[in-house]
Amino acid sequence: MTSRLPRTMRSDARDNRARILDAARAVFGAEGLSAPMREIARHAGVGPATLYRHFPAKRALITETFAEQRRACHAAVRDALADPDPWHGFRSLIERICELHAHSRGFADAFMTAFPEAMDFAADQEQTLRAVGELARRAQETGRLRPGFVVDDLILMLMAHRGLQGTPSAARVVASRRFAAYVIEAFRAAPETGAPTPLPPAPRLQLTDSPGTP
């Protein structure tokens with residue numbers, strides 16, 4: 001549920017609201033949904049009372065913060081289902097979901113987990129899984145998606161994809177595209193004929209030292 005704006009709002013109130021949403025995108029995007037509201041208020045340069053006046057509940061702030069990503073997710077589902085080539089639609093949906101998740105840890109949290117503050121996203125998840133199931137059925141009928149694929153494989157893929165959240169933002173997006181390309185090849189029923197499709201560029205990644213490593 002999106003918090004309602006009053007019919008008229010003073011310019012300073014509009015500015016505060018915009019700063020809060022910008023801060024929420026940055027903080028939730030970097031830290032996930034567990035980031036406290038006071039951190040968002042601090043990042044926005046407003047007091048907690050101002051934040052809660054605009055967004056009385058964290059759920060309302062999360063819903064408003066990721067409204068654009070939710071619209072993009074809905075559009076990706078619609079475009080994939082409307083694609084006359086089921087395999088292409090299936091591939092494009094996987095690529096676009098990974099892209100959305102890579103750009104924001106908060107959106108990935110809201111889509112993938114049962115945060116009480118992210119209940120509105122359950123419908124998005126259900127819609128996406130239904131679309132993947134329908135696309136998989138069509139693509140399997142063409143013989144291009146391996147017959148053993150089930151919708152739970154998408155969940156498994158996204159769980160693995162969340163492992164990229166610990167990498168810097170720029171490398172994470174590059175890694176996400178390459179990860180999606182490898183997964184799509186794993187879902188393919190048979191190797192491509194002719195020259196294989198080039199993979200996206202490889203990211204520059206570094207293994208994180210374990211605790212206690214000198």
(request) For the pair Glu95 and Ile184, evaluate side chain to side chain contact (heavy atoms under 4.5 Å, CB included) and give the outcome as yes or no after the intermediate values. (result) CA-CA 9 Å; Glu95 290 168 348; Ile184 288 168; 3.7 Å; yes

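- For the pair Phe66 and Asp124, the minimum side-chain heavy-atom distance is 4.5 Å or more.
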What side-chain donor-acceptor pairs closer than 3.5 Å can you find for residues 38-50, not counting sequence neighbours?
| residue | atom | partner | partner atom | Å |
| --- | --- | --- | --- | --- |
| Glu39 | OE1 | Arg42 | NE | 3.3 |
| Glu39 | OE2 | Arg42 | NH2 | 2.9 |
| Thr50 | OG1 | Arg53 | NH2 | 3.4 |

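- Using a 4.5 Å heavy-atom threshold, the side chains of Glu64 and Arg17 count as touching.
- A distance-only check finds no donor-acceptor pair linking the side chain of Arg70 to the backbone of Phe121 [under 3.5 Å].
- The existence of a salt bridge linking Glu134 and Arg130 is excluded, since no basic side-chain nitrogen approaches an acidic carboxylate oxygen closer than 4.0 Å.
- Taking each heavy atom of Gly89 and Leu135 in turn, the nearest pair found is O-CD1, 4.1 Å.
- Using a 4.5 Å cut-off between side-chain heavy atoms of Ile, Leu, Val, Met, Phe, Trp and Tyr, with links allowed through other members, Val173 and Phe107 fall into different hydrophobic clusters.
- One finds the CG atom of Leu51 at 4.5 Å from the CE atom of Met37 (value rounded to the nearest 0.5 Å).
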(request) Test side chain to side chain contact (heavy atoms under 4.5 Å, CB included) on Phe90 and Trp87 and set out the steps. (result) CA-CA 5 Å; Phe90 177 87; Trp87 172 243; 3.7 Å; yes

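- Counting only heavy atoms from C-beta outward, the side chains of Ile97 and Leu93 approach each other to under 4.5 Å.
- Residues Lys58 and Leu33 come closest through the heavy atom pair NZ-O, 2.6 Å.
- Taking Asp83 as the reference, Asp85, His88 meet the side chain to side chain contact (heavy atoms under 4.5 Å, CB included) condition, with sequence neighbours excluded.
- Tracing side-chain contacts under 4.5 Å through hydrophobic residues (I, L, V, M, F, W, Y), one never reaches Ile94 starting from Tyr182; they form parts of separate clusters.
- Here the NE2 atom belonging to His161 is positioned 11.0 Å from the CG atom belonging to Leu154, to the nearest 0.5 angstrom.
- Remark: Asp22 engages Arg25 in a salt bridge, criterion side-chain N to carboxylate O under 4.0 Å.
- In this structure, Val174 and Arg178 have side chains that are not in contact, with every pair of non-hydrogen atoms separated by 4.5 Å or more.
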(message) Go through it in stages, so that I can follow the logic: the residues are Gln127 and Cys73, the test is side chain to side chain contact (heavy atoms under 4.5 Å, CB included), and I'd like the CA-CA distance, side-chain angles, deciding distance and then a yes or no.
(response) CA-CA 10 Å; Gln127 179 192 35; Cys73 188; 6.0 Å; no

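- In this structure, the side chain to side chain contact (heavy atoms under 4.5 Å, CB included) partners of Arg172, at least two apart in sequence or on a different chain, are Ala102, Leu164, Gln165, Thr167, Ser169.
- Taking 4.5 Å as the limit, every side-chain heavy atom of Phe55 sits out of range of all side-chain heavy atoms of Thr63.
- Between Arg91 and Phe187 the shortest side-chain heavy-atom distance does not fall below 4.5 Å.
- Within the 4.5 Å cutoff, side-chain heavy atoms of Arg138 are placed close to those of Leu81.
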(request) Starting from the C-alpha separation in whole Å, work towards a yes-or-no answer on side chain to side chain contact (heavy atoms under 4.5 Å, CB included) for Leu158 and Phe111. (result) CA-CA 10 Å; Leu158 290 175; Phe111 187 91; 4.0 Å; yes

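- Applying the side chain to side chain contact (heavy atoms under 4.5 Å, CB included) criterion to Ala18, with sequence neighbours excluded, gives no partner residue.
- Taking each heavy atom of Gly32 and Asp109 in turn, the nearest pair found is CA-OD2, 3.1 Å.
- By the salt bridge (Lys or Arg N to Asp or Glu O under 4.0 Å) test, Glu99 is found to be paired with Arg177, residues two or more places apart in sequence or in another chain being considered.
- Separation of atoms CG (Leu199) and CZ (Phe179) is listed at 13.0 Å; rounding is to 0.5 Å.
- Scored by the side chain to side chain donor-acceptor pair (under 3.5 Å) test, Asp12 finds Arg10 as partners (sequence neighbours excluded).
- The shortest non-hydrogen separation linking Val77 to Ala131 is CG1-CB, 3.5 Å.
- Under a 4.0 Å N-O distance rule, the pair Arg188/Glu185 qualifies as a salt bridge.
- When all heavy atoms of Phe28 and Ala35 are compared, the pair lying nearest together is CE2-O, 3.8 Å.
- Leu156 and Leu100 fall into different hydrophobic clusters, defined by Ile, Leu, Val, Met, Phe, Trp and Tyr side-chain heavy atoms under 4.5 Å apart, directly or through other members.
- The backbone N or O of Ala76 lies less than 3.5 Å from no partner atom in the side chain of Asp79, so there is not a single donor-acceptor pair.
- Side-chain contact check for Ser176 versus His101: every heavy-atom pair is 4.5 Å or farther apart.
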